[in-house]
Amino acid sequence: MPEPTILFFRACLVVLAMPIYLLSFLGIWEPFCKKVFFPFFLEKLSAVYERKTKKQKQELFRNLPDFTSPSGELKLLEIGTGCGTNFQFYPAGCKVTCTDINPNFQQGLLRSMNKNQHVHYERFLVAAGEDLHQVPSGSVDAVICTLVLCSVQNVSGTLKEVLRVLRPGGAFYFLEHVAADHSSWKYFWQQILYPTWKLVFAGCCLTREIWKNLEEANFSELKLQHISVALPWTPIQPHVIGYAVK
């Protein structure tokens with residue numbers, strides 16, 4: 001579609017979302033979104049999303065025990081833990097360090113921890129994916145990141161930190177929504193929704209081609225699939241899923 005058409009529809013969407021843009025201009029929306037709206041929205045979305053992706057996640061995490069360290073421990077680091085929806089898929093007895101840039105998910109996170117007591121929770125760090133300085137280099141066996149790379153400030157910087165904290169032979173597991181095919185109507189709507197969606201949903205970017213960042217990162221092995229998740233009437237159906245080995 002021609003650029004003027006996209007800009008016209010973006011402008012129409014801005015008019016519809018004007019109250020949010022006004023709150024953002026006044027500096028009210030971001031703290032409200034971070035503390036109230038996004039934690040509430042994410043927990044509700046996660047319940048729907050988990051039903052749609054449960055089989056894919058079961059298959060994705062099936063080989064996590066293969067990356068147990070020679071000491072017999074399996075240490076996991078999750079970037080953007082959110083409400084802890086991945087805990088159910090982790091092997092019994094593994095040790096998990098949770099991180100998130102937003103510390104306001106405690107209620108949902110505690111509920112997930114109580115439901116999944118087969119996992120040992122080591123600590124929670126308030127940290128961005130691009131800056132995991134609290135985690136020693138080469139100290140974890142696997143890093144997990146689902147629906148997070150869409151909203152980090154720097155995807156390549158986050159992947160560099162993943163490689164740093166992983167031990168040699170460790171693995172990075174991912175499931176991320178990505179840009180649709182550029183010739184598709186899905187991509188057309190992603191382009192229109194992009195600015196308003198990013199504002200409303202805490203920096204979530206619809207048009208990132210994350211598979212390219214993964215291919216360019218310094219992993220020794222990359223297992224990646226493009227899939228479509230059945231989320232009708234949303235712009236986040238195209239996904240990439242897989243794992244990469246340091």
Side-chain angles (χ1 to χ4, degrees), residues 34-35 38-69 71-129 132 134-136 139-152 158 161-162 165-167 170-177 201-202 204 223 227 229 231 236 239-245:
K34 185 177 181 180
K35 293 179 181 178
F38 196 62
F40 172 80
F41 169 80
L42 187 64
E43 189 167 6
K44 300 302 180 185
L45 175 66
S46 294
V48 176
Y49 190 82
E50 286 311 303
R51 290 198 298 270
K52 301 290 186 179
T53 60
K54 187 169 185 177
K55 288 182 180 179
Q56 289 96 330
K57 282 192 173 184
Q58 285 173 334
E59 180 61 25
L60 173 64
F61 295 123
R62 183 175 53 83
N63 69 340
L64 258 175
D66 294 348
F67 295 97
T68 300
S69 68
S71 68
E73 286 188 328
L74 178 60
K75 292 186 176 182
L76 310 182
L77 170 73
E78 183 161 2
I79 299 174
T81 304
C83 301
T85 55
N86 291 325
F87 295 160
Q88 61 185 301
F89 304 105
Y90 295 163
C94 68
K95 297 182 176 181
V96 181
T97 296
C98 305
T99 75
D100 206 293
I101 196 171
N102 187 344
N104 296 294
F105 295 108
Q106 287 96 335
Q107 289 184 347
L109 189 59
L110 285 171
R111 280 194 287 270
S112 291
M113 287 177 169
N114 289 333
K115 287 179 184 176
N116 296 281
Q117 296 189 13
H118 65 288
V119 174
H120 176 70
Y121 304 100
E122 292 206 292
R123 56 178 175 160
F124 179 88
L125 303 174
V126 178
L132 300 170
Q134 297 143 290
V135 183
S139 63
V140 298
D141 302 301
V143 176
I144 290 89
C145 186
T146 61
L147 297 185
V148 173
L149 294 179
C150 60
S151 57
V152 296
T158 299
E161 276 290 81
V162 167
V165 302
L166 278 174
R167 65 167 176 81
F172 172 58
Y173 287 79
F174 56 88
L175 173 60
E176 301 287 341
H177 70 81
F201 298 112
C204 175
K223 302 285 188 182
I227 63 170
V229 176
L231 296 167
I236 57 169
H239 283 63
V240 290
I241 186 172
Y243 67 94
V245 180

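Side chains included, hydrogens not; waters and symmetry mates left out as well; all remaining heavy atoms used.
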Nearest 0.5 Å please: distance from the [atom1] atom of [X] over to the [atom2] atom of [Y].
X     : Y      : atom1 : atom2 : result
Leu60 : Ile227 : CG    : CD1   : 9.0 Å
Lys52 : His239 : NZ    : NE2   : 12.0 Å
Leu77 : Leu132 : CG    : CG    : 6.0 Å
Leu74 : Phe67  : CG    : CZ    : 10.0 Å
Cys94 : His120 : SG    : NE2   : 10.0 Å
Gln56 : Glu50  : CD    : CD    : 10.5 Å

Give me the atom names and distance for the closest heavy-atom approach of [X] to [Y].
X      : Y      : value
Pro103 : Lys34  : CD-CE, 4.1 Å
Cys145 : Val148 : SG-CB, 3.5 Å
Asn102 : Pro39  : ND2-CG, 4.4 Å
Met113 : Cys98  : CE-SG, 4.3 Å

Return yes when atom CZ of Phe41 has more than 12 non-hydrogen atoms of other residues, nucleotides or ligands closer than 6.0 Å, and no otherwise. yes
Does Gln106, at its CD atom, have more than 12 non-hydrogen atoms belonging to other residues, nucleotides or ligands within less than 6.0 Å? yes
Is the shortest side-chain heavy-atom distance between [X] and [Y] below 4.5 Å?
X      : Y      : value
Leu64  : Tyr243 : no
Phe61  : Leu175 : no
Val126 : Ile101 : no

If you look only at distance, which donor and acceptor atoms sit under 3.5 Å apart when one is on a side chain in residues 78-90 and the other is two or more places apart or in another chain?
unit_1 : atom_1 : unit_2 : atom_2 : d
Glu78  : OE1    : Tyr90  : OH     : 2.7
Glu78  : OE2    : Asn86  : ND2    : 2.8
Thr81  : OG1    : Glu78  : O      : 3.4
Thr81  : OG1    : Thr99  : N      : 3.2
Thr81  : OG1    : Thr99  : O      : 3.2
Asn86  : OD1    : Lys57  : NZ     : 2.6
Asn86  : ND2    : Thr146 : OG1    : 2.9
Gln88  : NE2    : Thr85  : O      : 3.2

List the residues meeting salt bridge (Lys or Arg N to Asp or Glu O under 4.0 Å) with Arg111, not counting sequence neighbours, and say none if there are none. Glu43
Leu147 backbone acceptor or donor facing Glu176 side chain under 3.5 Å: yes
Hey, is the main chain of Lys75 close enough, under 3.5 Å, to the side chain of Asp141 for a donor-acceptor pair? yes
For Gln134, run the side chain to side chain contact (heavy atoms under 4.5 Å, CB included) check against Leu125, Val165, Thr97 and tell me which one passes. Leu125
So, applying side chain to side chain contact (heavy atoms under 4.5 Å, CB included) with Tyr173, which one of Ile241, Leu76, Asn63 is it? Asn63
Derivation of the side-chain contact (heavy atoms from CB on, under 4.5 Å) call for Asp100 and Phe124: CA-CA 8 Å; Asp100 206 293; Phe124 179 88; 3.9 Å; yes
Can you name the side chain to side chain contact (heavy atoms under 4.5 Å, CB included) partners of Cys150, sequence neighbours left out? His177, Cys204
